[in-house]
Amino acid sequence: MNVPFPILYEDNHLIAINKQAGQLVQADKTGDEALPDQIKAYIKDKYNKPGDVFLGVIHRIDRPVSGVCLFARTSKALERMNEKFRERDLNKTYWAILKHKPHNENGKLVHWLVKDHDQNRTKAHLREVPGSKRAELDFELIGERAGYYLLKVTPLTGRPHQIRVQLSTAIGPIVGDLKYGYPEANSDGSICLHARELTFTHPVQKVPVKITAAAPKLDIWKLF
């Protein structure tokens, strides 16, 4: 069958794909087909499953972002992975390309974020304000080419648009991210933020799992 997504990991409990920029993790007002529907169709066809296929969304990646996206194939795996995300009992690594060079080659960013649900935007504050949630991430400069800078980003909390707004506020906007201040769009509508790696202990088998997603094929990524 024609699979519209690269599969990075698959067993009886979990399935991870390399989400392409533009693919929806959760249905929205656009009415475009969301990834869970495509993955359920793939599982139903591959394993000849009768009736409805269970698939749980463990975490969400913004539509213009690419990279590792993990789903649960059983309710037990979903419950246990959700707990891991709540307890931060796993490690997420992102890559981001910026036009601004950070003042330090590595560091920690701490902000208090407020989500504007009507505008689907998040605002970062340096101090706690009413309705805000604390957000933390670590960053490291790992590449520099042709006036672009590649950062390895490790979010320590999981807030909406966290990496996008924190980098934009403290260093500079991610390339292609019009919403947070970059002046021009990428040709494919993506932003240069990629969920590179996810590591955790398997929720059922209790063995270490490391899932890595290749960077997008856009020319700017090929610089690195």
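All values derive from a computational prediction rather than experimental measurement.
The side-chain heavy atoms of Y9 and I7, taken from C-beta on, include no pair separated by under 4.5 Å. Residues R88 and T157 are in side-chain contact: their nearest non-hydrogen atoms beyond the backbone lie under 4.5 Å apart. Using a 4.5 Å heavy-atom cutoff, the side chains of Y94 and T154 are not in contact. Looking at heavy atoms from C-beta onward, Q20 lies out of side-chain contact with P216 at the 4.5 angstrom threshold. The side-chain heavy atoms of T212 and R196, taken from C-beta on, include a pair separated by under 4.5 Å. In this structure, the side chains of P208 and T201 stay at 4.5 Å or more apart for every pair of heavy atoms. The side-chain heavy atoms of L150 and W95, taken from C-beta on, include a pair separated by under 4.5 Å. The closest side-chain heavy-atom distance from L35 to I17 is below 4.5 Å.
Here the shortest heavy-atom pairing between W221 and H194 reads CH2-CB, 3.7 Å. When all heavy atoms of A185 and L178 are compared, the closest pair comes out as N-CD2, 3.6 Å. Here the closest non-hydrogen pair linking L55 and R73 is CD1-CG, 4.4 Å. Annotation for K19 and C69: closest pair CB-CB, 4.2 Å, computed over non-hydrogen atoms. Taking all atoms of both residues into account, the shortest heavy-atom contact from L167 to L98 is CD1-CD1, 4.1 Å. Nearest heavy atom pair, residue A96 against residue V153, reads CB-CG2, 4.4 Å.
We find the NZ-OG1 distance between K210 and T93 to be 9.0 Å, quoted to the nearest 0.5 Å. For the atom pair OG of S187 and CG of L218, the computed distance is 4.5 Å after rounding to the nearest 0.5 Å. Note that CG of L109 is 9.5 Å distant from CD of Q162, once rounded to the nearest 0.5 Å. The distance from atom CD of Q166 to atom CZ of R159, rounded to the nearest 0.5 Å, is 10.0 Å. With values rounded to the nearest 0.5 angstrom, N82 atom CG is found 11.5 Å from K84 atom NZ. Atom NZ of K49 and atom NZ of K44 lie 9.5 Å apart (nearest 0.5 Å).
Under the 3.5 Å distance criterion, the side-chain polar atoms of R60 are left unmatched by any main-chain donor or acceptor of Q26. Remark: side-chain polar atoms of D188 are paired, donor with acceptor, to backbone N or O of S190 under 3.5 angstrom. The backbone N or O of L141 sits nowhere less than 3.5 Å from a side-chain atom of N106 that would complete a donor-acceptor pair.
No option in T122, D177, T169 other than D177 meets the side chain to side chain donor-acceptor pair (under 3.5 Å) test with R164.
Between K46 and E10, at least one side-chain nitrogen of the basic residue sits less than 4.0 Å from a carboxylate oxygen of the acidic one, meeting the salt-bridge criterion. A salt bridge does not link K92 to E197: none of the charged side-chain nitrogens sits closer than 4.0 Å to a carboxylate oxygen. In summary, K101 and E144 engage in a salt bridge, as defined by a charged side-chain N under 4.0 Å from a carboxylate O.
Counting non-hydrogen atoms of other residues, nucleotides and ligands closer than 6.0 Å to CD of E105 gives a total of 12 or fewer. By the neighbour-count criterion of 12 heavy atoms within 6.0 Å, atom NZ of K217 is sparsely surrounded, having that number or fewer from other residues, nucleotides or ligands. Dense packing is recorded around NZ of K99, with more than 12 heavy atoms of other residues, nucleotides or ligands lying under 6.0 Å away.
Placement of L14 and I43 in two distinct hydrophobic clusters is found when ILVMFWY residues are connected by side-chain heavy-atom separations under 4.5 Å, directly or transitively. Hydrophobic clustering keeps I39 apart from F54 (ILVMFWY residues linked when any side-chain heavy atoms are closer than 4.5 Å, directly or through intermediates). Linking Ile, Leu, Val, Met, Phe, Trp and Tyr residues whenever their side-chain heavy atoms come within less than 4.5 Å places M81 and V68 in a single cluster. V65 and L24 fall into different hydrophobic clusters, defined by Ile, Leu, Val, Met, Phe, Trp and Tyr side-chain heavy atoms under 4.5 Å apart, directly or through other members. Hydrophobic clustering, with ILVMFWY side chains joined whenever heavy atoms are under 4.5 angstrom apart, keeps I171 apart from I220.
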Set out, in order, the CA-CA distance, both residues' side-chain angles and the distance that settles side chain to side chain contact (heavy atoms under 4.5 Å, CB included) for F224 and I97, then state yes or no. CA-CA 10 Å; F224 302 99; I97 301 177; 3.9 Å; yes

Would you sort out whether K115 and N120 count as a side chain to side chain contact (heavy atoms under 4.5 Å, CB included), showing the intermediate values? CA-CA 7 Å; K115 178 72 181 289; N120 192 28; 3.4 Å; yes

Residues N186, V175; criterion side chain to side chain contact (heavy atoms under 4.5 Å, CB included); working and verdict: CA-CA 8 Å; N186 288 336; V175 170; 3.7 Å; yes

Kindly indicate, with the supporting measurements, whether the criterion salt bridge (Lys or Arg N to Asp or Glu O under 4.0 Å) is fulfilled by E136 and K108. CA-CA 7 Å; E136 298 181 43; K108 180 189 291 287; 3.7 Å; yes

Set out, in order, the CA-CA distance, both residues' side-chain angles and the distance that settles side chain to side chain contact (heavy atoms under 4.5 Å, CB included) for Q23 and Q38, then state yes or no. CA-CA 11 Å; Q23 290 181 313; Q38 295 177 310; 4.2 Å; yes

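Side-chain N/O atoms of H125 and S132 include no donor and acceptor closer than 3.5 Å.
Screening residues 142-189 for ring pair (Phe, Tyr, Trp, His ring centres under 6.0 Å) gives H161-Y180 as the qualifying pairs, with residues at least two apart or on separate chains.
In this structure, the side-chain contact (heavy atoms from CB on, under 4.5 Å) partners of D116, at least two apart in sequence or on a different chain, are D118, Q119.
Under the 30°/60° scheme for interplanar angles, the aromatic rings of H202 and H13 are found to stand perpendicular.
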